[in-house]
Amino acid sequence: MEPQTLESIVQRLEDLPTLPSVVYELSRVINDPMSSTSDVEAIMAKDQSLSATVLKLVNSAYYAIPGGVTSLSRAIAYLGFDTVNQLVLAASIIRALDAKSVKGHFDLPSFWKHAIGVAVVSETIAKHIHHPVPSDLFTCGLVHDMGKVAIYTIDPEMLMNVVAAAAEENLTFIEGEIKLGTPRHTFVGHALAQKWNLPLTVQNAIKYHHSPDLADRSSLTSDMNRDIDIVLLANLLTHALKFGNSGHNRIPGAPKEVLGRLAIDPEAGLKTLLQELKRALERAGDFIKFLSEG
């Protein structure tokens, strides 16, 4: 079999499922200032399974709503349109990327644990630095590595070769890709995000979450670069906290320039932030289970 190129992998993305129409309808309604909670409920009623998953997530310890909620209207009242929209998108993406683990191959449950960890950590960092819409960072973090699942679905052997190279030579996953000359998961994930018409912020977080140098993303706005910095840092800190595994064991340090741009002191500030992150990840136990179950 001929080695896969980026072009051939991207062509095969057409074989992957699309996101449900509910995701796009909901995004349109939530971005319409004239919309009401009942408009959102009417759309969600079209997909009862997705609605049930979202309610489970809303009632998890991560959000800690007193007494819990039994309807989307109450969920929206507590969490707001943006957070509910992000939960719908997160649950839909995990459902669409429902690859099956092969024994001895890529550990998908551990991968999704890492991805959900990066989502929680990204949102927590966003709150820490007073981001205007922290919930947006949850989705950015969740999907940052979805190119790996896409590659695993299309050519599992290629992905496992990268995992093996990373393990043998103590490399990060992307260093393994560069060493073997295989298509980078960042480019594959970005192509899939474009196919699914995900928000530009999400697309850029996927594409650049291994690029701390602003020169590599000079065409982007300052807000986009801030969001990429958050996901980049969240990914590294989730690895440092050994929360899940995304295909490699090497733990790179957090770049000082990224910490500086986010106004996080590399000593005391980072220590305080890590305590916040540990608490957030502890609260996210049920949340992780519900999302992983889809």
Side-chain angles (χ1 to χ4, degrees), residues 4 9 94 97 99-122 124-125 140-189 205-213 228-259 266 270-271 273-282 284-285 288-289 291-292:
Q4 297 270 11
I9 290 277
I94 287 183
L97 291 173
K100 303 299 181 189
S101 284
V102 180
K103 189 173 181 182
H105 279 203
F106 195 40
D107 184 351
L108 278 167
S110 190
F111 168 84
W112 281 120
K113 182 178 180 180
H114 169 78
I116 294 166
V118 176
V120 168
V121 170
S122 294
T124 306
I125 293 172
C140 291
L142 180 79
V143 303
H144 76 287
D145 267 348
M146 74 180 188
K148 293 180 183 177
V149 184
I151 293 169
Y152 183 67
T153 303
I154 292 165
D155 189 342
E157 184 180 355
M158 184 172 75
L159 183 129
M160 291 311 302
N161 287 340
V162 176
V163 171
E168 287 166 11
E169 302 191 39
N170 192 30
L171 305 173
T172 63
F173 191 93
I174 198 161
E175 288 169 345
E177 289 176 324
I178 292 168
K179 179 177 175 58
L180 297 182
T182 60
R184 295 187 195 179
H185 68 282
T186 48
F187 298 152
V188 174
I206 293 169
K207 185 175 182 180
Y208 293 110
H209 71 272
H210 288 296
S211 303
D213 190 344
I228 293 165
D229 280 342
I230 291 171
V231 175
L232 188 156
L233 179 61
N235 182 42
L236 294 174
L237 295 182
T238 305
H239 279 299
L241 292 168
K242 297 185 178 178
F243 197 86
N245 187 289
S246 66
H248 67 92
N249 294 315
R250 192 165 94 75
I251 303 172
K256 286 190 176 178
E257 66 268 30
V258 172
L259 292 171
L270 189 55
K271 185 180 286 188
L273 176 60
L274 282 168
Q275 293 305 315
E276 282 183 45
L277 300 182
K278 287 176 184 176
R279 289 193 292 270
L281 289 170
E282 284 170 9
I288 287 163
K289 185 180 75 162
L291 258 181
S292 300

Find out whether [X] and [Y] are in side-chain contact, i.e. whether some heavy atom of one side chain is under 4.5 Å from a heavy atom of the other.
| X | Y | value |
| --- | --- | --- |
| F243 | L237 | no |
| Y208 | T186 | no |
| V118 | L142 | no |
| R279 | E276 | yes |
| V188 | I154 | no |
| V162 | K179 | no |
| V149 | L159 | no |
| T182 | N161 | no |

For [X], side-chain hydrogen bond (donor to acceptor under 3.5 Å, both in side chains) partners two or more places apart:
| X | value |
| --- | --- |
| R250 | E175 |
| E257 | none |
| N245 | N249 |

From [atom1] ([X]) to [atom2] ([Y]), nearest 0.5 Å:
| X | Y | atom1 | atom2 | result |
| --- | --- | --- | --- | --- |
| L270 | K256 | CG | NZ | 11.0 Å |
| R184 | F173 | CZ | CZ | 12.0 Å |
| L277 | I125 | CG | CD1 | 5.5 Å |
| L241 | L281 | CG | CG | 6.5 Å |

Might you point out which heavy atoms bring [X] and [Y] nearest each other, and give the distance in Å?
| X | Y | answer |
| --- | --- | --- |
| G253 | L236 | O-CD1, 3.6 Å |
| A284 | V120 | CB-CG2, 3.9 Å |
| I251 | A240 | CG2-CA, 3.6 Å |
| S246 | H239 | OG-CE1, 3.2 Å |
| A165 | L171 | O-CD1, 4.0 Å |
| P183 | E177 | O-OE2, 3.5 Å |

Would you say the ring centroid of H185 lies under 6.0 angstrom from that of H209? yes

Taking the ring centre of each residue, are H210 and H144 less than 6.0 Å apart?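 That pair fails the under 6.0 Å test.
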
Only counting residues at least two apart or in another chain, list the ones meeting salt bridge (charged side-chain N to carboxylate O under 4.0 Å, His left out) with K242. none

All salt bridge (charged side-chain N to carboxylate O under 4.0 Å, His left out) counterparts of K148, not counting sequence neighbours: D145

Sorted by chain and number, sequence neighbours left out, side-chain contact (heavy atoms from CB on, under 4.5 Å) with E282 holds for none

Would F187 and I9 count as a side chain to side chain contact (heavy atoms under 4.5 Å, CB included) if you check the C-alpha gap in whole Å, the side-chain angles of each, and the deciding distance to 0.1 Å? CA-CA 10 Å; F187 298 152; I9 290 277; over 6 Å; no

